[in-house]
Amino acid sequence: LPISLAQPYMGGGVFVYNTEKSSINDGVVIFNGWCRQHNGSLDVTDGGAVPDINVAQHVEIKRTFESARWNNILKLTFRKGEYLVGVPGETIGTLLDIWGVPGLDTNPQYNLHIDGCGATIKQVDGVWYGNFNGVNYTPFNNIINNSACHHVTIENLTIDGNKQNAIIGEKYGDHGWQIPNYGIRLISGRKNILRNVKTINMLLDGLYVGKMSGSDNLRDDILFENVHSEYN
């Protein structure tokens with residue numbers, strides 16, 4: 001029998017019980033056999049993310065994104081608001097890591113659609129960036145990274161690196177602080193679209209476009225429409 005749940009910011013929705021999945025719990029789509037009826041789309045609130053509170057939400061956002069990957073769900077949305085991410089003094093890696101390198105990655109996320117619906121992802125105050133006692137720190141290598149996935153659309157989203165409130169360590173690299181902290185990084189993904197996107201105040205590049213080593217020279221056909229990358 002289906003059951004409907006509707007708690008504020010906890011996703012809600014309709015769930016149907018499947019005895020074959022009674023031992024599975026990913027915290028988003030399957031809860032010990034109770035399976036979310038998602039219609040091909042997940043919202044980050046389905047994984048427990050809450051906008052506009054002073055608590056980091058990267059665990060919940062990433063959990064929802066990973067559930068979409070492993071359940072072949074190709075649309076991820078946000079409720080409008082500000083989502084804090086990161087932990088001072090820790091390097092977390094990549095928040096949304098879209099990958100599809102041929103022959104390497106399982107579950108490539110071709111045709112993925114991320115719609116921020118006007119949301120902002122913002123790094124928390126007090127993150128460490130730079131070299132501290134011989135160790136390099138960054139809050140995130142990337143907020144969003146796409147490695148070789150085709151037909152990916154990212155729209156209606158602001159990414160704020162909050163560099164004004166970061167703690168800056170010593171320099172590293174041939175010039176300045178060459179330690180990753182990209183807003184959006186697109187590598188060898190064809191026919192990607194960025195629309196109504198802002199990347200601001202990142203500690204390295206707001207937007208980075210490149211090729212994987214050894215890749216072909218065919219056109220990537222990346223479209224930017226109303227994209228602003230400022231103060232990075």
Side-chain angles (χ1 to χ4, degrees), residues 11 18 20-21 24-30 35-49 57-78 83 85 91-117 119 121 140-157 159 180-197 199 204-225 227:
N18 182 340
E20 295 180 357
K21 298 182 178 181
I24 302 174
N25 188 337
D26 69 359
V28 183
V29 171
I30 306 172
C35 301
R36 182 186 300 279
Q37 306 304 287
H38 51 71
N39 295 319
S41 178
L42 288 178
D43 192 89
V44 295
T45 59
D46 293 333
Q57 302 294 300
H58 54 271
V59 172
E60 292 80 4
I61 293 171
K62 191 173 184 67
R63 176 167 59 215
T64 311
F65 174 79
E66 293 297 332
S67 181
R69 184 203 307 282
W70 296 112
N71 289 284
N72 296 311
I73 297 169
L74 296 177
K75 186 170 184 180
L76 181 71
T77 62
F78 289 71
Y83 298 80
V85 296
T91 296
I92 297 174
T94 295
L95 181 65
L96 304 182
D97 198 4
I98 307 164
W99 36 250
V101 179
L104 178 63
D105 296 326
T106 57
N107 290 68
Q109 292 176 288
Y110 289 12
N111 303 302
L112 179 67
H113 180 192
I114 298 175
D115 189 347
C117 301
I121 299 173
F140 289 92
N141 293 331
N142 319 277
I143 300 300
I144 300 177
N145 179 69
N146 178 3
S147 294
C149 271
H150 302 173
H151 297 87
V152 172
T153 297
I154 302 168
E155 62 181 345
N156 307 317
L157 181 66
I159 297 172
N181 188 236
Y182 300 101
I184 298 176
R185 185 172 178 267
L186 305 178
I187 304 294
S188 295
R190 294 209 171 94
K191 297 187 182 299
N192 289 183
I193 297 173
L194 267 60
R195 179 184 294 118
N196 302 327
V197 168
T199 59
L204 195 63
D205 297 344
L207 179 59
Y208 180 96
V209 180
K211 285 276 198 180
M212 298 180 68
S213 177
S215 59
D216 59 49
N217 292 319
L218 297 176
R219 289 171 57 94
D220 287 336
D221 289 324
I222 295 172
L223 171 65
F224 294 158
E225 185 176 276
V227 173

side-chain hydrogen bond (donor to acceptor under 3.5 Å, both in side chains) between Ser41 and Asp43, worked out: CA-CA 7 Å; Ser41 178; Asp43 192 89; over 6 Å; no
Worked check of side-chain contact (heavy atoms from CB on, under 4.5 Å) between Ile193 and Glu155: CA-CA 8 Å; Ile193 297 173; Glu155 62 181 345; over 6 Å; no
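- Note: Thr199 OG1 to Tyr182 OH = 13.0 Å, rounded to the nearest 0.5 Å.
- For Arg69, the salt bridge (charged side-chain N to carboxylate O under 4.0 Å, His left out) partners two or more places apart in sequence, or in a different chain, are Glu66.
- Contacts of Phe140 classified as ring pair (Phe, Tyr, Trp, His ring centres under 6.0 Å), with partners at least two apart in sequence or in another chain: none.
- Taking CZ of Arg63 as the start and CG of Leu42 as the end, the distance is 12.0 Å to the nearest 0.5 Å.
- Listed for the Ser188 side chain is no donor-acceptor partner under 3.5 Å among the backbone atoms of Ala148.
- Counting all heavy atoms, side chain and backbone alike, Glu60 lies closest to Thr64 at O-OG1, 2.8 Å.
- Interatomic distance, Ile144 CD1 to Leu157 CG, rounded to the nearest 0.5 Å: 5.5 Å.
- Asp26 meets the salt bridge (charged side-chain N to carboxylate O under 4.0 Å, His left out) test with no other residue; sequence neighbours excluded.
- For the side chain to side chain donor-acceptor pair (under 3.5 Å) with Arg185, the lone residue among Asn146, Asn145, Thr94 that qualifies is Asn145.
- Taking each heavy atom of Ile187 and Met212 in turn, the nearest pair found is CG2-CG, 3.2 Å.
- Here Ile24 pairs with Lys21, Ile30 under the side-chain contact (heavy atoms from CB on, under 4.5 Å) rule; sequence neighbours left out.
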From CA spacing to verdict: side-chain contact (heavy atoms from CB on, under 4.5 Å), Asn141, Ile92: CA-CA 8 Å; Asn141 293 331; Ile92 297 174; over 6 Å; no
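- Lys191 has a carboxylate O that lies under 4.0 Å from a charged side-chain N of Asp221, or vice versa, which qualifies the two as a salt bridge.
- Closest approach of Pro108 and Gly100 over heavy atoms only: CB-CA, 3.6 Å.
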Verdict with reasoning, Leu207 to Phe224, per side-chain contact (heavy atoms from CB on, under 4.5 Å): CA-CA 11 Å; Leu207 179 59; Phe224 294 158; 3.6 Å; yes
side-chain contact (heavy atoms from CB on, under 4.5 Å) assessment of Asn142 paired with Ile184: CA-CA 7 Å; Asn142 319 277; Ile184 298 176; over 6 Å; no
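- Taken from CG in Asn111 to NZ in Lys75, the straight-line distance is 13.5 Å, to the nearest 0.5 Å.
- Residues meeting the ring pair (Phe, Tyr, Trp, His ring centres under 6.0 Å) test with Tyr110, sequence neighbours left out: His150.
- When all heavy atoms of Ile73 and Leu112 are compared, the pair lying nearest together is O-CD1, 4.3 Å.
- Shown here for Leu95 and Lys62, the closest heavy-atom pair between the two residues is O-NZ, 3.3 Å.
- Atom CG of residue Asn71 and atom NE2 of residue His38 lie 6.0 Å apart, to the nearest 0.5 angstrom.
- Considering only residues two or more places apart in sequence or on other chains, Tyr83 meets the ring pair (Phe, Tyr, Trp, His ring centres under 6.0 Å) condition with Phe78.
- Using a 4.0 Å cut-off between charged side-chain N and carboxylate O, Asp220 and Lys211 make a salt bridge.
- Counting only heavy atoms from C-beta outward, the side chains of Leu96 and Ile61 approach each other to under 4.5 Å.
- Residues Gly47 and Val28 approach most closely at CA-CG2, 3.8 Å, considering heavy atoms.
- Annotation: the span from Leu194 atom CG to Asn196 atom CG amounts to 10.0 Å, rounded to 0.5 Å.
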